[in-house]
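The structure appears below as structure tokens.
Side chains are part of it too, since the values below use all heavy atoms of this structure and drop only hydrogens, waters and symmetry mates. Worth saying up front: this structure is predicted, and the values here are computed from it rather than measured.
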Amino acid sequence: MKTISLDITKAKQFLAEGAVKAYEPKVNEARKALEEGTCPGNDFLGWLHLPTSITPEFLHEIQDCADTLRANCEAIVVAGIGGSYLGARAVIEGLGNSFGWLVADGKNPVILFAGNNIGEDYLSELTEYLKGKKFGVINISKSGTTTETALTFRLLKKQCEDQRGKDEARKVIVAVTDATKGAARAAATKEGYKTFVIPDNVGGRFSVLTPVGLLPIACAGFDITKLVGGAADMEKACAIDVPFEQNPAAIYAAVRNALYAEAGKKIEIMVNYQPKLHYFSEWWKQLYGESEGKDGKGIFPASCDFTTDLHSMGQWIQQGERTIYETVISVEQPNNKLLFPSDEENLDGLNFLAGKRVDEVNKMAELGTRLAHVDGGVPNIRISVPVLDEYCIGQLIYFFEIACGISGNVLGVNPFNQPGVEAYKKNMFALLDKPGYEADSKAIKERLAKEA
């Protein structure tokens, strides 16, 4: 069976003998608190056994909806921000053709993402692109009032209705939202949209295996049954009855906490050598940044795409402040095969590579970089992925989710809240004179006047 694997050899050497093993009691306590629901944020543990609880009937319902959208749309816009789009985008870009948006194969609609920024040019160019096209919208918002997503949906709903008529638009607009309350739920009920529920006990950054992620992924033409199957198998591999030494999530949580507390490593860089994994790193950054960055604590999650970023960040990583470590996702087998050709003139001096697979060169770049960075004082954790397919990505998703829950509890924070993200919203609403923010508006404007 294809299974991801974890190698901590090049991280342990930066720690005292037995440092990882010393975290076993704390990790086991954290795992028990998750399982028994006694940890902070225990009302948001719906993701914990989600993979093994998803039924074939539920997946069939999602697939039916996806098939309807696929049959009636040239393009589908996923409107959401943060956890409401990053997981889906991570999987779709990880599995898809890198140039899929340029390749009209007649089988798959173009999947577009919006509602994740307030860029006027971005939205203007999106609406221009959609002119004359048969498009649909998946609106993902629990409240329906998140500024970025609500603004985008208002624009797209009007354009879809103008271009396709209200009756046709009703068939190709889907709401993924709260079960009973909120503006998005009220609009969906009023307009008669097909809806799916975001479970109350699953936070956005843990929601990729709910309709939040599964519906867009199915719309893109990928097998959500295999995705969930990989996650379910990883759930079993990381279960509380699996011994510490055999539990990859427990080990990962222990190593990263040991590097943080014992070796002063405050920054974790997620590294990949496969460009398709760029948005997987973006999903991972939100998962860990929003879960652990609070109470004055937390490892800062960053990411690099290698070898690309070796030409921009490589110098700092090799010789900068030694507060970093790397977690490398290595894909064992690419899905395609391409050989280096020979060139008679050999002006670039690369004939020594003739006949080799491009991936062989990439793997040697990976190995050489890991050796150089370790020699430069950067601990390395390596996660090996057999192949980029639905099953293995499903494993990766659950592996990082459960490890995050464990790690946050070991760190001593509530991994499932995000009180800090409300600060900017309060200021923004006050500056925009939103009703209800009058006092804040006055205080902020007086402050700005003094600072001018």
Any chance you could lay out the side chain to side chain contact (heavy atoms under 4.5 Å, CB included) test for F416 and N42, step after step, and finish with the verdict? CA-CA 8 Å; F416 309 116; N42 54 22; over 6 Å; no

Evaluate salt bridge (Lys or Arg N to Asp or Glu O under 4.0 Å) for E61 paired with K194, printing each intermediate quantity in order. CA-CA 11 Å; E61 182 185 358; K194 171 70 177 176; 3.0 Å; yes

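Ionic pairing of E451 and R447 is present here: one or more N-O contacts between side-chain nitrogen and carboxylate oxygen are shorter than 4.0 angstrom. With respect to E290 and R205, a salt bridge is recorded, a charged nitrogen being found less than 4.0 Å from a carboxylate O. With salt bridges taken as basic N to acidic carboxylate O contacts below 4.0 Å, none links K265 and E326. Comment: K142 engages D178 in a salt bridge, judged by a side-chain N to carboxylate O separation of less than 4.0 angstrom. Of the charged side-chain nitrogens involved, at least one lies within less than 4.0 Å of a carboxylate oxygen, so that R256 and E268 count as a salt-bridged pair. Checked for salt-bridge contact, E24 and K21 meet the test: a charged N lies under 4.0 Å from a carboxylate O.
Taking a 6.0 Å sphere around NZ of K426, one finds it holds 12 or fewer heavy atoms contributed by other residues, nucleotides or ligands. Counting non-hydrogen atoms of neighbouring residues, nucleotides and ligands closer than 6.0 angstrom, the NZ atom of K12 reaches no more than 12 such neighbours. Within 6.0 Å of NZ on K363 lie more than 12 heavy atoms contributed by other residues, nucleotides or ligands. More than 12 heavy atoms of other residues, nucleotides or ligands lie within 6.0 Å of CG in D375, so this atom counts as buried by the packing criterion. Atom CD of Q13 has more than 12 neighbouring heavy atoms from other residues, nucleotides or ligands inside a 6.0 Å radius. Within 6.0 Å of the CD atom in E282, the count of heavy atoms belonging to other residues, nucleotides or ligands exceeds 12. Annotation for K266: atom NZ counts as buried by contact number, over 12 foreign heavy atoms lying within 6.0 Å.
Here Y260 and Y325 keep their ring centres 6.0 angstrom or further from each other. When ring centroids are compared, F206 and F44 stay outside the 6.0 Å threshold. Here W284 and Y288 bring their ring centres to under 6.0 angstrom of each other.
Under the 3.5 Å distance criterion, the side-chain polar atoms of N362 are left unmatched by any main-chain donor or acceptor of V358. For the pair T149 (side chain) and T145 (backbone), a donor-acceptor distance under 3.5 Å is absent. Between the side chain of K285 and the backbone N or O of F300, no donor-acceptor pair lies under 3.5 Å. In this structure, R322 contributes its side chain and G320 its backbone to a donor-acceptor pair below 3.5 Å. Between the side chain of E321 and the backbone N or O of T323 there is no donor-acceptor pair closer than 3.5 Å. Checked by atom type and distance alone, the side chain of K294 never pairs as donor or acceptor with a backbone atom of P419 at under 3.5 Å. When atom types are taken as modelled, the side chain of S207 and the backbone of G204 share a donor-acceptor pair closer than 3.5 angstrom. Panel note: side chain E148, backbone I118; no donor-acceptor pair is recorded below 3.5 Å. No donor-acceptor distance shorter than 3.5 angstrom exists from the side chain of R382 to the backbone of V328, with no hydrogens or angles considered. Between the side chain of S303 and the backbone N or O of M270, no donor-acceptor pair lies under 3.5 Å.
Using cut-offs of 30° and 60° on the angle between ring planes, the pair F306 and H373 is perpendicular.
Within the 4.5 Å cutoff, the side chain of N409 has heavy atoms near those of the P415 side chain. Contact annotation: the side chain of V77 never approaches that of F113 to less than 4.5 Å [non-hydrogen atoms, C-beta and beyond].
Seen from the ring of F153, K157 does not count as a face-on cation partner, given the 6.0 Å and 45° thresholds.
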